[in-house]
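Counting starts at 1 for both ligands and their atoms, in listed order. Only this structure's heavy atoms are used, side chains among them; waters, hydrogens and symmetry mates stay out.
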Amino acid sequence: MSEIPIVLKIDGATYFEMPQLDGYLAKHQTRLVEASLNEAISAINEHSPGAIVSGAAPIGREIMDAGLQKGLRGIVKAGTGLDNIDCEYARCQQILVENIPDYVHETVAEYAINLMLSLARKSWPVQQTMRQKGWFDITPASLGTELNGKTIGLVGFGRIARSVARIAHFGFQMSVIAYDPYVSAEEMELCAVQKAEQLEDILPHCDVVSLHTSLNNDTRNLIGEKQLAMMKSSALLINVARGGIIDETALLIALSTQKIGGVALDVYSQEPLDVNTHPIISQMISLNNVLLSPHIAWYTAEAGQRLQASVAQKCQQIIFQE
Ligand SMILES: NC(=O)C1=CN([C@@H]2O[C@H](COP(=O)(O)OP(=O)(O)OC[C@H]3O[C@@H](n4cnc5c(N)ncnc54)[C@H](O)[C@@H]3O)[C@@H](O)[C@H]2O)C=CC1
Ligand SMILES: O=C(O)C(=O)COP(=O)(O)O
């Protein structure tokens with residue numbers, strides 16, 4: 001039998017073992033090849049992959065053109081967001097692109113809620129001082145706020161946002177408003193959510209604004225100076241979607257001029273984050289009302305199980321058409 005290996009990029013796709021994929025490949029007497037992004041083209045030329053499994057690394061024309069020469073059938077994004085893959089070009093070249101849309105929506109929603117609670121109760125400065133000094137003297141500066149009964153605005157109303165809406169509404173009795181031009185008012189109403197026709201309609205009313213859109217041409221820098229200026233000065237902003245959705249320069253100015261109450265970021269315009277080359281983030285690190293995490297909202301044992309099983313299934317469909 002001819003060998004049909006898969007090129008696995010060394011990035012987010014490799015954080016989990018993939019025993020199910022190994023099983024399918026063994027059944028078909030083929031194997032997995034791992035390559036870094038820099039090695040991808042030579043790995044494709046050498047091994048003729050039937051499918052590419054990608055994590056966060058950018059997959060563009062060069063890789064696809066090389067793959068086409070070698071009989072590439074499809075690309076599997078071992079994740080949800082497809083913004084790192086040139087899907088338009090893949091479509092033109094008839095390369096199938098599959099993501100894993102449903103492995104992580106509850107996982108990321110839980111994490112977004114965790115960030116909201118941590119910001120609202122100023123958990124981080126308290127934790128930091130407890131560790132450094134063994135005790136934290138309560139002062140008005142550490143006064144928390146509650147989520148219960150407040151208003152949350154969701155930007156994007158896909159899978160993750162719907163899970164956030166459910167927890168916020170039923171868990172904290174929050175009023176939920178969402179902006180998503182592709183979801184009807186009726187569909188939102190079924191989730192006890194009020195639809196906003198414009199983004200600007202939600203910003204002045206919300207105690208928390210949480211971003212859940214995919215990153216695309218319309219959502220890049222969607223939250224900029226004008227939008228931040230419209231938010232309540234006490235509002236908490238959460239981004240577990242993609243860094244490019246917020247204009248980070250405008251965000252830093254809004255934080256340092258107390259235009260908003262606080263921000264929690266899991267994602268950045270540049271990843272991995274380098275505090276030496278990303279001055280905006282390095283300045284944010286010194287602020288007490290900022291929480292930063294390293295694109296980790298998806299990373300749980302349970303999500304890993306679902307992800308690896310789905311990646312295996314998609315590869316099997318693409319390569320073996322089973
Ligand atoms: N931090 C992390 O670990 C993770 C982050 N993500 C990010 O979260 C994003 C959302 O994930 P899901 O909810 O599962 O995706 P989804 O595809 O179910 O929802 C995305 C929503 O964005 C909406 N949207 C698109 N353009 C818009 C616009 N211009 N304005 C407002 N809404 C718009 C769509 O209509 C859709 O409802 C992913 O695309 C990914 O970038 C996903 C998983 C893990
Ligand atoms: O599933 C997703 O979209 C995630 O954000 C997980 O990380 P990645 O896409 O690999 O950057």
salt_bridge(K259, E225) N-O dist < 4.0 Å: no
Contact with ligand 2 for Y103, non-hydrogen, under 4.0 angstrom: yes
Ligand 1 contacted by D266 (non-hydrogen, < 4.0 Å): yes
Modelled atom types, side-chain donor and acceptor of K77 and N84, under 3.5 Å: yes
Check: L147 and L117 side chains under 4.5 Å, non-hydrogen atoms: yes
Salt-bridge criterion met for R61 and E88 (N-O under 4.0 Å): no
Nearest protein heavy atom with distance in Å, relative to atom 22 (O) of ligand 1: T213 CA, 3.4 Å
For ligand 2, the portion of E271 having any non-hydrogen atom under 4.0 Å away: neither
Residues E322, K27: salt bridge by 4.0 Å N-O rule: yes
For atom 15 (O) of ligand 1, closest protein heavy-atom neighbour: T80 CG2, 4.3 Å
Test salt bridge (Lys or Arg N to Asp or Glu O under 4.0 Å) applied to R306 and E106, step by step: CA-CA 12 Å; R306 293 188 291 269; E106 295 295 347; over 6 Å; no
Closest candidate by heavy atom, reference atom 5 (C) of ligand 1, pool L222, L154, V240, V108: V240
Residue, atom name and distance, where the atom is the protein heavy atom closest to atom 19 (O) of ligand 1: G158 CA, 3.2 Å
Heteroatom distance test (D180, ligand 1): nitrogen or oxygen, under 3.5 angstrom: yes
Proximal ligand 1 atoms for D218, defined as those under 4.0 Å from one of its heavy atoms: 29 (N)
Test item: side-chain donor near acceptor, Y268 and N239, under 3.5 Å: no
Atom 3 (O) of ligand 1: the protein heavy-atom neighbour that sits closest, reported with distance to 0.1 Å: W298 CD1, 2.9 Å
Q270-H278 side chain donor-acceptor pair, cut-off 3.5 Å: no
Contacting atoms of ligand 2, where contact means under 4.0 angstrom from a heavy atom of K77: 8 (P), 9 (O), 10 (O)
Part of R242 within contact of ligand 2 (heavy atoms, under 4.0 Å): side chain
Atom 31 (C) of ligand 1: nearest protein contact (heavy atom, Å): P181 CD, 3.4 Å
Side-chain heavy atoms of I59 within contact of I75, under 4.5 Å: yes
Region of Y299 engaging ligand 1 - heavy atom pairs below 4.0 Å: neither
Selection from V267, T219, V104, N217 by shortest heavy-atom distance to atom 29 (N) of ligand 1: T219
Numbered atoms and elements of ligand 2 in range of G81, under 4.0 angstrom, heavy atoms: 2 (C), 3 (O)
Donor + acceptor pair across side chains of T30, Y24 (<3.5 Å): no
N99 versus T80, side-chain donor and acceptor atoms under 3.5 Å: no
Ligand-side contact atoms (ligand 1) for residue partner A297, heavy atom cut-off under 4.0 Å: 1 (N), 2 (C), 3 (O)
Identity and distance of the protein heavy atom lying nearest atom 8 (O) of ligand 1: I160 CD1, 3.7 Å
Options H212, H295, R159, ranked by nearest heavy atom to atom 17 (O) of ligand 1, top entry: R159
Flag for H105-T107: side-chain donor and acceptor within less than 3.5 Å: no
For atom 40 (C) of ligand 1, the protein heavy atom that lies nearest, with its residue and separation: R242 NH1, 3.5 Å
Contact partition for N216 relative to ligand 1, non-hydrogen atoms under 4.0 Å: side chain
Pair D83 + R242: basic N to acidic O under 4.0 Å: yes
Enumerated ligand 1 atoms positioned under 4.0 Å from heavy atoms of S214: 20 (C), 22 (O), 25 (C), 39 (O)
